[in-house]
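Have a look at the structure below before the remarks.
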Amino acid sequence: MNTPKTAVIPAAGKGTRFLPSTKATPKEMHPLLNVPLIHHCIEELAQAGVEKVIIVSHKSKTGLNKYFEDHLDLKDLLKKDGKTELVNRLESIENFPEVVFSYQEEQLGLAHAIYSAKDEIKKDDFFVLLPDEIFIPSKKEENPSLELLNLFNQTKKSCITLLEVPKEKVSSYGVAKIKETESNSLKVIDVIEKPKIEEAPSNLILPGRYLLSNKILDIISKTKPSKNGEVYLTDSLITLSQTDDLYGHVTKTPRFDGGSVVGFLKANLYKAMQDKNLKSEILELFQRIN
Ligand code: G1P
């Protein structure tokens with residue numbers, strides 16, 4: 001595998017858990033404080049050396065495309081007001097080397113979403129980042145995509161992020177079975193999608209960060225849909241782990257389920273508590289309502 005410079009962000013979902021907001025605003029545009037989730041995703045990937053991002057979207061989610069357009073009038077205004085920091089933040093997205101959109105008409109599972117970007121992925125190995133899995137690092141090294149890149153630099157093989165959760169939470173996620181190698185790396189030897197608690201092989205879930213060999217595309221094309229008609233990436237990962245090595249990295253970076261209202265609220269509170277001024281406002285509010 002070559003050092004990956006490409007990433008896929010699956011973002012075609014309807015965001016039903018956030019209706020009515022998602023009727024007009026794509027879930028990926030919901031902000032963590034004042035910065036949309038999609039912006040955080042691009043910054044995370046940029047730090048991991050990614051130069052091309054493929055956003056798998058739906059034609060109805062035009063707000064996402066708009067976010068990557070150059071807004072010259074707005075920047076002129078900000079420059080006139082001396083707000084260079086804001087201009088830089090906008091430009092960090094507008095000037096990202098390459099952002100392209102591919103479209104998934106029907107939501108037929110995560111593997112299907114990735115496969116629908118195959119013409120843009122070409123022969124590259126690539127990252128996959130699920131935007132509603134929110135990671136909030138307190139220092140730069142805690143970037144989960146960067147952690148995968150570091151593991152990849154040692155193994156030269158596909159790697160996935162793993163996260164330890166309480167056993168009663170495993171049934172909502174892909175869950176990994178792992179084996180420690182002599183060099184203390186973790187090899188993923190099996191993955192089960194949304195197992196019953198008693199059937200889960202561990203309490204290590206897959207929280208939406210993957211760095212995959214291009215071989216996965218061929219594997220996906222041969223993966224049978226599950227009973228509900230969706231092609232699970234998990235099922236393709238099983239084949240990848242059997243035919244080529246797959247490694248896991250257990251992240252310690254704080255992570256939130258941004259797909260649920262409560263997870264999203266917690267992520268925002270956690271982020272706010274990292275800011276001195278916001279922290280005192282929040283503590284004051286909590287005192288008042290207690
Ligand atoms: C998907 C994946 C699952 C992964 C999860 C992370 O599930 O299929 O393996 O653990 O994302 O959020 P979904 O949330 O689409 O049901």
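Atoms within each ligand, like the ligands themselves, are counted from 1 in listed order. Below, each value reflects all heavy atoms present in this structure, side chains not excepted, and no hydrogens, waters or symmetry copies. Remember, predicted model here, so these are calculated numbers, not experimental data.
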Task: Lys NZ or Arg CZ of K59 over Y103 ring: under 6.0 Å, within 45° - done: yes
TODO: Apply the side-chain hydrogen bond (donor to acceptor under 3.5 Å, both in side chains) test between R209 and each candidate in E44, H249, E147; give the one that qualifies.
DONE: E44
Task: Shell of residues surrounding ligand 1, defined by a 4.0 angstrom heavy-atom cut-off that is strict - done: L130, E133, Y173, G174, E193, K194, L206, T234
Task: Non-hydrogen side-chain atoms of Y210 and I216 separated by less than 4.5 Å - done: no
Open item on the list: Quiz question: by atom type and distance under 3.5 Å, do the side chains of T25 and H30 form a donor-acceptor pair?
Closed with: no
TODO: For residues 183-206, pull every pair meeting ring-ring contact (aromatic ring centres under 6.0 Å, His included), keeping only residues two or more places apart or in separate chains.
DONE: none
Task: F264/F256 aromatic ring centres below 6.0 Å - done: no
